Amino acid sequence: MTTITIDNHNYDLDSLSDDARAQLTSLQFVDTELARMQAQTAVLQTARMAYAKALQAALPVLPVGDTMKFN
């Protein structure tokens, strides 16, 4: 017997309706995709910081008083 806890209530998976099991499967899929996308976002943010740092290193040195901003 497999159980799942939802809102502090235990449910026997075998006793759930087909619709409830389908909703649970969809929820698990979405949670997995969100975790994957969050990991991908972290990788992309790290890459962006590295590219920005590399760009700053590749830019010509400006005379004192001139400034540039990156957004």
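Remember, it's a predicted structure, so these values are computed and weren't measured experimentally.
How far CD1 of Ile4 is from CD of Gln28: 5.5 Å, rounded to the nearest 0.5 Å. Considering OG1 of Thr32 and CG of Leu27, their distance stands at 9.5 Å, rounded to 0.5 Å. Expressed to the nearest 0.5 Å, how far CE of Met37 lies from CG of Leu34 amounts to 7.5 Å.
Linking ILVMFWY residues whenever their side-chain heavy atoms come closer than 4.5 Å, directly or via other members, places Ile6 and Leu13 in the same cluster.
A heavy-atom distance below 4.5 Å is not found between the side chains of Gln38 and Thr41.
Asp14 pairs by the side-chain contact (heavy atoms from CB on, under 4.5 Å) definition with Asp12, not counting sequence neighbours.
Across every non-hydrogen atom of Tyr11 and Leu16, the tightest pair is CB-CD2, 4.1 Å.
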